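Here's the structure we're looking at; comments come further down.
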Amino acid sequence: FSSQIQACKTAGAELVFLPIYYTEASLILEAASKASYAPKFFGCDGLDGLLGIDGFDTKLAEGVMLLTPFAADADDEATQKFVAAYKAKYNNETPNQFAADAYDGVYIIAELLKKNNVTADMSASEICDLLKVGIAADDFAYKGITGAGAALTWDASGAVSKKPMAVVIKDGATMGNALSKWDMTYPVTVKPGGTLTCARSASVSNIHIKNTLTVGEKGSSKKAYVN
């Protein structure tokens, strides 16, 4: 991916979108590091797994942002119970969204089997037809550990409506509920009187100063983050 990384760097891209899986993403992050290119990397649930790749330097994933249906550090009881059981079973390994999706998937199928009175003497075709109709029924929904606490529903095509969560990789771990904590740092200029001007063309709100500033510190370059 060195040529693609160089093209992004040459174009001055500040954010790179990675709608791919974590294995390829790890190669892109390695190529970016070799090219001394450090934009913000943003992806989807396929990136959840970066931290578990053998031989990958997890420091390269620092600050990577993604949308995922599951965050292991969510504080609801169902998630914490699942995480504790998973760690106990798998040598203290923290589950990612793939594990959570699989867990919910098994229980969704189980609920559908019960709800639609599926029996062992039915053919595979009959069972499949019942499940397809049942999952899209108006009266079927499932609330598990994925979907940010909201119940999952499906349309006639089988597409799921699942609420995502914004997470960010910090200090070698995936941190959930991070939408208000994303480290979108940009230089700011402090003018006399304490007025702050963000060095960006786009307007942003709720700028919070990470450093202690002295009023009248004209021309100083500090960091701010967007909440």
Side-chain angles (χ1 to χ4, degrees), residues 1-74 79 82-83 86-87 89-106 108-109 144-148 152 154-155 157-186 202 225-226:
F1 297 101
S2 58
S3 59
Q4 292 91 338
I5 285 296
Q6 187 57 51
C8 292
K9 183 178 180 179
T10 300
E14 297 178 349
L15 185 144
V16 176
F17 180 48
L18 302 176
I20 55 178
Y21 285 103
Y22 54 83
T23 301
E24 292 81 5
S26 69
L27 299 177
I28 290 174
L29 293 175
E30 288 172 348
S33 177
K34 291 177 181 178
S36 299
Y37 177 51
K40 286 291 182 180
F41 286 102
F42 173 73
C44 302
D45 52 2
L47 295 192
D48 197 358
L50 266 175
L51 301 177
I53 298 176
D54 291 338
F56 175 66
D57 183 359
T58 57
K59 293 179 181 177
L60 299 181
E62 185 73 10
V64 169
M65 305 176 292
L66 60 145
L67 295 177
T68 174
F70 172 78
D73 67 341
T79 296
F82 169 70
V83 171
Y86 191 95
K87 285 185 172 182
K89 178 72 174 179
Y90 297 106
N91 197 30
N92 206 38
E93 179 181 337
T94 300
N96 59 28
Q97 68 91 16
F98 294 103
D101 275 338
Y103 181 84
D104 271 357
V106 169
I108 289 165
I109 295 297
I145 57 174
T146 61
L152 312 184
W154 291 259
D155 64 20
S157 71
V160 66
S161 176
K162 182 182 292 189
K163 184 178 179 181
M165 290 181 280
V167 303
V168 63
I169 296 176
K170 296 283 288 183
D171 300 324
T174 302
M175 310 298 290
N177 305 312
L179 184 60
S180 64
K181 302 175 185 177
W182 282 1
D183 190 22
M184 302 293 284
T185 59
Y186 300 106
Y225 68 89
V226 180

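Given the structure is predicted, the values throughout are model-derived calculations rather than measurements.
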Between [Y] and [X], is there a side-chain heavy-atom distance shorter than 4.5 Å?
X: Phe41; Y: Ile28; answer: yes
X: Val106; Y: Ile109; answer: no
X: Leu50; Y: Leu29; answer: yes
X: Thr146; Y: Tyr103; answer: no
X: Ile108; Y: Leu152; answer: yes

Quick check against the 3.5 Å criterion: does Gln97 have a side-chain atom that pairs as donor or acceptor with the backbone of Asp48?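 It does not hold such a pair.
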So, applying side-chain contact (heavy atoms from CB on, under 4.5 Å) with Phe42, which one of Leu18, Val64, Leu67, Val168 is it?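 It is Leu67; the other options fail the test.
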Any chance you could lay out the salt bridge (Lys or Arg N to Asp or Glu O under 4.0 Å) test for Asp101 and Lys162, step after step, and finish with the verdict? CA-CA 11 Å; Asp101 275 338; Lys162 182 182 292 189; 3.0 Å; yes
Which atoms form the tightest heavy-atom contact between [X] and [Y], and what is the distance?
X: Glu62; Y: Asp171; result: OE1-N, 2.9 Å
X: Gly49; Y: Asn96; result: CA-ND2, 3.8 Å
X: Ile145; Y: Phe70; result: O-CD1, 3.4 Å

Greater than 12 external heavy atoms within 6.0 Å of Tyr21's OH: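 No, the 6.0 Å shell around OH holds no more than 12 heavy atoms from other groups.
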Looking at Phe17, I'd like to know if its CZ atom is crowded, meaning that more than 12 non-hydrogen atoms belonging to other residues, nucleotides or ligands lie closer than 6.0 Å.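 Yes, CZ of Phe17 has more than 12 neighbouring heavy atoms, counting only those of other groups under 6.0 Å.
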Would you please name every residue forming a side-chain contact (heavy atoms from CB on, under 4.5 Å) with Tyr37, sequence neighbours left out?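 If we apply the side-chain contact (heavy atoms from CB on, under 4.5 Å) test to Tyr37, skipping adjacent residues, the hits are Ile5, Cys8, Lys9, Ala13, Val16, Ala32, Ala35, Pro39.
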Between Gln6 and Ser2, is there a side-chain donor-acceptor contact under 3.5 Å, judged purely by atom types and distance?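 No, no side-chain donor-acceptor contact under 3.5 Å.
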